[in-house]
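Notes follow once the structure below has been shown.
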There are 2 protein chains.
Amino acid sequence: MKRDSRLSSVLHALLHMAEREGPMTSEELAACMHTHPVVVRRTMGLLREAGLVRSARGPQGGWRISADLAAVTLRQLHETLGEPAIFAIGNRQEMPGCLVEQAVNAALDDAFAEAEALLLARLGQITLADLAADFSRRHAGRRQGNT
Amino acid sequence: MKRDSRLSSVLHALLHMAEREGPMTSEELAACMHTHPVVVRRTMGLLREAGLVRSARGPQGGWRISADLAAVTLRQLHETLGEPAIFAIGNRQEMPGCLVEQAVNAALDDAFAEAEALLLARLGQITLADLAADFSRRHAGRRQGNT
DNA sequence: CTAAATCGTAATAAACGAAGTTACATGAAG
DNA sequence: CTTCATGTAACTTCGTTTATTACGATTTAG
């Protein structure tokens, strides 16, 4: 299945931006994420609407973070991306008339809702600052090229 | 994203089969699940390999359950279906060289692994018998057409 | 033995959504 | 006014799931 990797993408982008003084262009971000500049603009555009980053056009333009790293959680980013579907498994019909299917859906929905709640709670506990700190730790540990 | 609905499908099928004395043909199952007979055979074929159902060809043939409803958990069915990917969200690259991406992946993988563990544990607690009982309860409650 | 019912399965098409790409408009800096 | 950069719509590509077609194999009835 084709998985939505935008959360992973924006985290990668934000952490690279955090490592830098000046703004980064879509082209630079695209290069380090192995994707296309337009994809970067599309995705980062959502973060801009949420006030997490700012963009500037023209020479010396690009993207920069406009939020406190310690105040932004992964859950918030997930929401900013439009809360895409978390599960790749689901019910056949959402509102079935068949009682058998209603019983099946109820059981599955319950289990999935619980897992989703746990996941969102977890994502709500992790901030960009946590990831940046983890990156620093890894960077101090190994001396290796980064994208 | 296109969600895998086979677990929901086989549960629907198994519960309908449980409500019946004789075998059900692929065509009958397909009709009550609003799908195609070949899809039914393909999916039920996996359950047959696992010994959960048996199939017979020719007139009076069809599918019937060959396992104890109380002994089959939803987790077991998930495994029987080949443990399809649970999440529709994932990392961009699984084995990145970039340290930033490694930090991002580590955090996300952790959170997702926890949610997956919870979900599988939940599915492991629910048996077909539980669903059948829930169906009976609904059936007794409302007097309504079933597929 | 033949005909009909039914599963078994491979191959192909359709449907869908994410990501990638192209094209062109807009705005800022020098 | 030229260049650099974002903004965005439109379209293409790609991967996955489900649906469909086609044909083969097996069982029962008469």
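In the text below, chain A, chain B and the rest are named by the order of the sequence lines, each starting its count at 1. Everything numeric here is computed off the predicted structure, so don't read it as measured data.
In this structure, CG of A:D4 is placed 10 Å from C1' of C:dG17, rounded to the nearest angstrom. In this structure, CG of A:L81 is placed 12 Å from P of C:dA18, rounded to the nearest angstrom. Rounded to a whole Å, the CZ atom of B:R3 is 12 Å from the P atom of C:dA18. Straight-line distance from the CZ atom of B:R6 to the P atom of D:dA19: 12 Å, rounded to whole Å. Distance, B:R92 CZ to C:dA19 P: 7 Å, rounded to whole Å. Rounded to whole angstrom, the span from the CZ atom of B:R54 across to the P atom of D:dT27 amounts to 14 Å. One atom, CD of A:E27, and another, P of C:dT22, lie 13 Å apart when rounded to the nearest Å. Distance CG (B:N91) to P (C:dA19): 13 Å, rounded to an integer number of Å.
The side chain of A:H36 lies closest to C:dG20 when the candidates are C:dA10, D:dT18, C:dG20. Of the candidates C:dG30, D:dT18, D:dG7, C:dG30 carries the atom nearest the A:Q60 side chain, counting heavy atoms from C-beta on. Out of C:dG20, C:dC7, D:dT18, the shortest distance to the side chain of A:T35 is found at C:dG20. For A:R42, taking side-chain heavy atoms from C-beta onward, the closest of the listed nucleotides C:dA10, D:dT6, C:dT21 is C:dT21. For B:P59, taking side-chain heavy atoms from C-beta onward, the closest of the listed nucleotides C:dT9, D:dT8, D:dT28 is D:dT28. Here C:dG8 is the nucleotide among C:dG8, C:dT21, D:dT21 with the atom lying nearest to any side-chain atom of B:R57.
Dashed line: the shortest gap from a side-chain N or O of A:R48 to OP1 or OP2 of D:dT8 is under 4.0 Å. The phosphate of D:dG7 (OP1 or OP2) has a side-chain N or O of A:S55 nearer than 4.0 angstrom. In this model, the phosphate group of D:dT18 is approached by a side-chain N or O of B:S5 to a distance below 4.0 Å at OP1 or OP2. For A:S26, no side-chain nitrogen or oxygen approaches OP1 or OP2 of D:dA5 to under 4.0 Å. Residue A:T25 has no polar side-chain atom (N or O) positioned under 4.0 Å from OP1 or OP2 of D:dA5. Taking 4.0 angstrom as the limit, B:R41 places none of its side-chain polar atoms (N or O) nearer than this to OP1 or OP2 of C:dG8.
Residue contacts shown for B:G45 are absent, as no nucleic acid heavy atom lies under 4.0 Å away.
Just one residue in the list A:V72, A:T73, A:L52 forms a side chain to side chain contact (heavy atoms under 4.5 Å, CB included) with A:L128, and that residue is A:V72. Checked options B:E19, B:H12, B:R20; the residue passing with B:H16 is B:H12 (criterion: side chain to side chain donor-acceptor pair (under 3.5 Å)).
Looking at A:E101 and A:R92, no side-chain N of the basic residue comes within less than 4.0 Å of a carboxylate O on the acidic one, giving no salt bridge.
When each of B:P84 and B:A56 is assigned the nucleotide of DNA chain D with its nearest heavy atom, B:P84 is the one assigned upstream, toward the 5' end. For the pair B:G62 and A:P37, nearest-nucleotide mapping onto DNA chain C gives the more 5' position to B:G62.
Residues A:V10 and A:V39 are members of separate hydrophobic clusters, defined by side-chain heavy-atom contacts under 4.5 angstrom among Ile, Leu, Val, Met, Phe, Trp and Tyr.
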*Where do A:S55 and A:R48 land on the side-chain hydrogen bond (donor to acceptor under 3.5 Å, both in side chains) test, with the steps shown first?*
CA-CA 7 Å; A:S55 61; A:R48 182 185 50 226; 3.1 Å; yes
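In this structure, A:E27 places its CD atom where only 12 or fewer heavy-atom neighbours from other residues, nucleotides or ligands lie under 6.0 Å away.
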